[in-house]
Structure formats: structure tokens, C-alpha cells
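First comes the structure, then the notes that go with it.
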Amino acid sequence: MTEVTFAKSFLAALDGRPIKLSPDHVEDPKTYQPRGAYILPKMPKTMSKRKSVAPGQERSLLVTVKSLRNPPLDLRLSSQSLNTSVHDIKTSVSEETGIAEDKIKILHKKKPVSDSKVLKDLVSEEDTAVEFSVMVMGGAAAATAATAAKQEAQHDVAQGLSGADVLQTDDFWADLKGFLLQRIRDEQLAADLTTTFQEAWKAKA
């Protein structure tokens with residue numbers, strides 16, 4: 001049976017049925033059955049009102065980066081803005097551990113996160129902290145290579161410079177800032193202390 005034949009037979013069957021309502025039928029409003037108002041169910045979580053934040057007072061987050069596998073890792077990056085990207089987090093992990101960025105994969109809630117994502121895409125308005133997991137491609141081998149490269153660089157500096165000459169290098173003050181940041185976990189305060197120490201040394205020299 002072709003489609004045309006089926007359509008004709010179907011329309012013919014419809015024509016044989018009695019018409020219940022005329023084309024110009026209008027129902028009398030007085031005969032309407034009373035119906036109760038339909039109320040939507042309550043939301044499980046009340047939507048919070050968007051808060052207006054003055055420029056320069058944007059909310060910051062405490063970012064924790066952990067890895068329970070080899071190599072073990074536990075980093076805390078304080079005062080991160082909501083526009084901080086996952087790529088920036090990966091860069092911070094690379095600078096802290098010495099592991100190449102292409103060997104680092106960032107995960108949020110056990111799911112990989114693309115580098116283009118920013119923190120405000122991953123947290124709610126009430127969150128003040130966010131935790132990421134790190135998976136190192138190559139595991140211990142990559143970490144060992146990074147550690148060896150870092151130790152070699154430190155050895156070269158130790159062999160080349162010593163005493164007051166070390167204080168003339170930018171690497172020394174960058175290392176000092178990193179040490180202070182690990183201890184006090186406040187990026188702005190660590191930068192201020194580093195500047196204070198550096199200016200005091202220059203004034204003494």
C-alpha cells in the first residue's frame with residue numbers, strides 16, 4: 001500500500017465518524033467546571049539575589065590543588081579572582097613543582113577541566129574555596145625529572161654565585177617570595193614582605 005492510498009483510506013475513515021463539535025462551537029463560560037489554581041512546587045534551593053560588588057572588591061577564592069597519587073601534592077593558592085583560568089592554576093602548579101605544563105591535567109570533582117574554564121564557571125556564589133585534583137602524566141617519572149632539573153639549576157647557581165652576589169639575582173627574591181607565600185598563604189602580603197626585605201638590603205648595601 002502506497003502512502004497516498006493509506007492517506008486516502010485514513011481520511012475516509014475519519015469522514016465516517018460523527019462530528020462531536022461544530023466548527024462554530026462556543027462553550028458557555030457559565031458551564032465551566034470550577035478548577036483549583038495550579039501552584040508550582042517550591043524549589044529545593046532558594047535562588048540567591050545577585051550582589052553588586054564595587055570595583056576592586058571582587059570576591060576571591062582559596063584554591064587547593066591536591067594529588068593523592070605519585071607524586072603527592074598539596075598546594076594552596078590564596079586570593080585567586082573569579083576570572084582566574086584553569087590554565088593559570090596549571091601554570092602555578094608547574095612553577096611550584098617544576099613539572100612541565102603538558103604533563104599536568106587538572107580535574108574538578110573527578111572530571112577533567114579544560115584550560116579555558118575560569119573559576120566562576122565552576123563555583124557557586126556562596127563558595128569561598130575550590131579544590132582541584134591533579135593528575136601527572138607519567139607519574140613519578142615526570143616528577144623525578146622535574147626534581148632533578150630543579151636541583152641541577154640550584155647546583156649551578158650555588159657553583160656560580162655565593163655570598164652577597166646571590167642577593168643581586170632576581171631568582172633569589174623570587175624564591176624568597178615563593179617561600180613566604182607557602183608559609184603565610186597570602187600572595188599580597190608575601191609580595192609586600194619581599195619588597196620590604198629587598199629595599200632594606202639595598203639600603204644597607
Side-chain angles (χ1 to χ4, degrees), residues 38-147 149-150 170-171 173-198:
Y38 182 78
I39 301 176
L40 294 174
K42 293 183 178 180
M43 298 182 63
K45 184 177 181 181
T46 305
M47 296 182 64
S48 59
K49 296 182 179 179
R50 185 176 296 274
K51 300 178 181 179
S52 59
V53 181
Q57 297 182 354
E58 287 83 3
R59 181 164 58 102
S60 60
L61 296 172
L62 171 64
V63 178
T64 304
V65 184
K66 292 185 178 181
S67 174
L68 301 178
R69 297 184 178 181
N70 208 359
L73 185 66
D74 189 358
L75 297 178
R76 294 179 182 272
L77 308 175
S78 61
S79 302
Q80 301 296 317
S81 69
L82 294 176
N83 293 322
T84 302
S85 66
V86 174
H87 181 265
D88 295 334
I89 302 298
K90 182 185 293 187
T91 302
S92 299
V93 174
S94 177
E95 292 175 352
E96 187 69 26
T97 60
I99 302 174
E101 289 187 22
D102 57 350
K103 298 291 185 181
I104 298 174
K105 186 178 291 294
I106 302 293
L107 297 89
H108 182 243
K109 295 181 179 180
K110 299 182 180 180
K111 294 182 179 180
V113 186
S114 62
D115 292 351
S116 59
K117 289 283 187 180
V118 294
L119 295 183
K120 64 181 178 182
D121 297 333
L122 305 173
V123 299
S124 63
E125 294 185 0
E126 294 80 12
D127 291 336
T128 58
V130 60
E131 181 175 326
F132 292 103
S133 301
V134 174
M135 183 170 61
V136 180
M137 311 302 292
T144 302
T147 302
K150 190 174 183 179
D170 294 335
D171 292 338
W173 299 107
D175 291 341
L176 177 61
K177 181 181 178 181
F179 171 78
L180 293 174
L181 182 59
Q182 284 185 342
R183 292 295 182 180
I184 60 181
R185 298 175 183 176
D186 190 317
E187 187 173 0
Q188 184 61 43
L189 183 56
D192 292 342
L193 287 174
T194 304
T195 303
T196 301
F197 291 154
Q198 191 172 12

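All values derive from a computational prediction rather than experimental measurement. Quick note: numbers below take in every heavy atom, side chains included, and nothing from hydrogens, waters or symmetry partners.
Shown here for Ala190 and Lys177, the closest heavy-atom pair between the two residues is CB-O, 4.1 Å. In terms of heavy atoms, Leu122 sits closest to Val113 at CD1-CG1, 4.1 Å. Heavy atoms only, all atoms of each residue included: His108 and Glu131 are closest at CD2-O, 3.5 Å.
Of the inter-residue distances, the one linking Gln80 atom CD with Ser60 atom OG reads 8.5 Å to the nearest 0.5 angstrom. Thr84 contributes atom OG1, which lies 11.0 Å from atom NZ of Lys120 (distance to the nearest 0.5 angstrom). A distance of 12.5 Å separates CG of Leu176 from CG of Asp171, quoted to the nearest 0.5 Å. Rounding to the nearest 0.5 Å places CG of Asp115 at 3.5 Å from NZ of Lys90.
Between Val134 and Leu75 the shortest side-chain heavy-atom distance does not fall below 4.5 Å. Leu180 is listed as a side-chain neighbour of Phe197, based on a closest heavy-atom distance under 4.5 Å. When side chains are defined from C-beta on, Ser92 does not count as touching Ile89, because their heavy atoms never get closer than 4.5 Å. Residues Leu77 and Leu61 are not in side-chain contact: their nearest non-hydrogen atoms beyond the backbone lie 4.5 Å or more apart.
Residue pairs meeting the ring pair (Phe, Tyr, Trp, His ring centres under 6.0 Å) criterion with at least one partner in residues 84-107, sequence neighbours excluded, do not occur; the list is empty.
At most 12 non-hydrogen atoms from other residues, nucleotides or ligands lie less than 6.0 angstrom from CD of Glu187.
For Asp127 and Ser124, the side-chain atoms include at least one donor-acceptor pair closer than 3.5 Å. Side-chain atoms of Asp88 and Thr91 form no donor-acceptor pair, as typed in the model, at a separation below 3.5 Å.
A search for salt bridge (charged side-chain N to carboxylate O under 4.0 Å, His left out) contacts involving Asp186 returns nothing, not counting sequence neighbours.
Between the side chain of Ser94 and the backbone N or O of Ile99 there is at least one donor-acceptor pair closer than 3.5 Å.
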